[in-house]
K.L.:
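Handing you a structure now.
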There are 2 protein chains.
Amino acid sequence: MLDDLDRNLLEILVKDARTSLKELAAQVGLSSPSVSERLRRLEERGVIRAFTVEIDPLALGYTLQAIVRIRPLPGKLHIVQKLIEEIPEFGECDKVTGDDCFVARLFVRSIGDLDGILDRIADKAETSTAIIKAQPIRRRPPPLGAASPRDRATALQAS
Amino acid sequence: MLDDLDRNLLEILVKDARTSLKELAAQVGLSSPSVSERLRRLEERGVIRAFTVEIDPLALGYTLQAIVRIRPLPGKLHIVQKLIEEIPEFGECDKVTGDDCFVARLFVRSIGDLDGILDRIADKAETSTAIIKAQPIRRRPPPLGAASPRDRATALQAS
DNA sequence: GATTTCGGTCGAGATCATCCAGCATTTTAC
DNA sequence: GTAAAATGCTGGATGATCTCGACCGAAATC
């Protein structure tokens, strides 16, 4: 589906999404129209979901981040999910297996704000909150390399 | 620190990091050299951490994501952290307060791979894994608007 | 009140992206 | 097996965009 050239382009763009077509072309050894066409197709196919910018939350005044596990009370699942989606301070939310139905990331400017937001959910779900002290790994994409032969073997074996 | 123009630029770039200077300039009502200078300064100050591309993990064969909570055994904290950082399938990791020391996101191509990776940590930490079933909110930045007067009041009160 | 600093505009020249014609290679169809 | 069609690439012309220097005005500094 993706060839080496595509992966190569993605790798460069992960580091700097504003790299010019000309520069991309030079780095992968193609002409710029070709690169342009490849990017167009990668976007079209949904491989590239978006070109975006990573902003330091601190610069916006968000001095605190927390991971919140959320277990909606019986019958409240949909209301809780809607509520979470509508609170913009939630910067990420995954619906997971297990007792905790949702795991979400919360950006806040103060402990007071944290309390205020959790209060809005308190009557519809149980929550447990962990304050983030450090970020050993900040968001990064999974490895871009092709599936290794070993991986493929494993996959086959499993099926 | 950030004025309305900066926030406006960031907002546009979050949606499309490849927007041309000319287009940015038109949208915020400045000349392109001014926009160029502002972006340079935003990067310099670390407000903009990076221009990047958001890739669909599925396109790379990662059909499964999991949230893993990791509690290193006594004395193993640093080894575990190093191990996590070195495994590229970890796409995010936060060090948090509470019993679980780390909360991490794992991209894998199969359940077998998940097992393989967790095995590598098993003798150094307790883990509990939740498979991601859906993503109600995909990574997004915190609200870009200026701190509201109410927020400021709260912050002052607290200090 | 003069001066410096900061952030802005404008215009020219350089750089870059896009369009198009043409070509090679692979796939499809018969 | 071969002709036709489709695919993906290149190179060059053209038009759009970026960058750089010169200059300007408002606000802070002395």
Side-chain angles (χ1 to χ4, degrees), chain A residues 1-61 141 143-147 149 152, chain B residues 1-61 141 143-149 152 156:
Chain A
M1 191 147 184
L2 290 193
D3 64 14
D4 287 349
L5 256 31
D6 289 327
R7 269 187 291 270
N8 211 327
L9 289 171
L10 290 177
E11 206 168 324
I12 300 167
L13 289 169
V14 164
K15 287 188 226 132
D16 180 8
R18 286 182 77 83
T19 309
S20 70
L21 292 182
K22 195 188 180 208
E23 176 64 21
L24 288 167
Q27 290 202 34
V28 305
L30 285 179
S31 62
S32 28
S34 296
V35 171
S36 177
E37 175 65 11
R38 274 173 184 264
L39 293 192
R40 200 191 58 70
R41 291 171 58 79
L42 286 170
E43 279 194 79
E44 190 186 56
R45 285 194 282 161
V47 174
I48 291 178
R49 282 213 276 244
F51 295 97
T52 189
V53 66
E54 203 187 307
I55 302 170
D56 180 1
L58 257 178
L60 301 170
L144 298 184
R152 267 194 268 275
Chain B
M1 191 153 186
L2 290 193
D3 65 13
D4 287 350
L5 254 33
D6 288 328
R7 268 187 290 271
N8 210 328
L9 289 172
L10 290 176
E11 206 168 324
I12 299 167
L13 289 169
V14 164
K15 288 189 223 131
D16 180 8
R18 285 181 77 81
T19 308
S20 71
L21 292 181
K22 194 190 179 200
E23 176 66 20
L24 288 168
Q27 289 200 36
V28 304
L30 284 180
S31 62
S32 29
S34 297
V35 171
S36 178
E37 176 63 11
R38 275 173 181 264
L39 293 192
R40 198 193 58 71
R41 292 171 54 81
L42 287 171
E43 279 193 81
E44 190 187 55
R45 286 193 281 161
V47 175
I48 291 178
R49 281 212 275 245
F51 295 97
T52 189
V53 64
E54 203 187 308
I55 301 171
D56 181 1
L58 256 177
L60 301 169
L144 299 184
S148 71
R152 267 194 268 273
L156 279 175

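Numbered from 1 within each chain, the chains take letters A, B, ... in sequence-line order. Just so it is clear, the values below take in all heavy atoms, side chains as well, and ignore hydrogens, waters and symmetry mates.
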K.L.:
Contact list please: residues 34-44 of chain B against DNA chain C, heavy atoms, distance less than 4.0 Å, in numerical order.
P.N.:
B:S34, B:R38, B:R41
K.L.:
Less than 4.0 angstrom from a charged side-chain N to a carboxylate O is my criterion; do A:E11 and A:R7 meet it?
P.N.:
no
K.L.:
Which letter, B, S or -, goes with each nucleotide of nucleotides 10-16 of chain C from 5' to 3', with contact meaning a protein heavy atom under 4.0 Å?
P.N.:
B-----S
K.L.:
Nearest 0.5 angstrom please: A:L58 CG to B:M1 CE, how far?
P.N.:
9.5 Å
K.L.:
side-chain contact (heavy atoms from CB on, under 4.5 Å) with A:D3: which residues, sequence neighbours excluded?
P.N.:
A:L5, A:D6, A:R38
K.L.:
How far does CG of A:L30 sit from CG of A:L9, to the nearest 0.5 angstrom?
P.N.:
7.0 Å
K.L.:
What is the distance, to the nearest angstrom, from the CD atom on B:Q27 to the C1' atom on D:dT17?
P.N.:
16 Å
K.L.:
Five pairs at each end of the helix from C:dG1-D:dC30 to C:dC30-D:dG1: take the axis at both ends and give me the angle between them to 10°.
P.N.:
40°
K.L.:
Expressed in angstrom and rounded to an integer, what is the separation of A:L30 atom CG from D:dG11 atom P?
P.N.:
11 Å
K.L.:
With sequence neighbours excluded, tell me which residues meet side-chain contact (heavy atoms from CB on, under 4.5 Å) with A:P33.
P.N.:
A:S31
K.L.:
Please lay out, stage by stage, how A:L42 and B:I55 fare under the test side-chain contact (heavy atoms from CB on, under 4.5 Å).
P.N.:
CA-CA 10 Å; A:L42 286 170; B:I55 301 171; over 6 Å; no
K.L.:
Look at B:E37 together with B:R40 and state whether they make a salt bridge at an N to O cut-off of under 4.0 Å.
P.N.:
yes
K.L.:
To the nearest 0.5 Å, what is the distance between CG on A:N8 and CG on A:L13?
P.N.:
10.0 Å
K.L.:
Look up atom CD in B:E43 and atom CZ in B:F51, then write down how far apart they are to the nearest 0.5 Å.
P.N.:
4.5 Å
K.L.:
Which side-chain N or O atoms in residues 14-21 of chain A pair as donor and acceptor under 3.5 Å with protein atoms at least two apart or in another chain?
P.N.:
residue, atom, partner, partner atom, Å
A:D16, OD1, A:R18, N, 2.9
A:R18, NH1, B:A17, O, 2.7
A:R18, NH1, B:T19, O, 2.8
A:R18, NH2, B:T19, O, 3.2
A:T19, OG1, A:D16, O, 2.6
A:S20, OG, A:E23, N, 3.1

K.L.:
Can you check the B:E23 CD to D:dT17 C1' distance for me, whole Å?
P.N.:
12 Å
K.L.:
To the nearest angstrom, how far is B:D3 atom CG from C:dG7 atom C1'?
P.N.:
11 Å
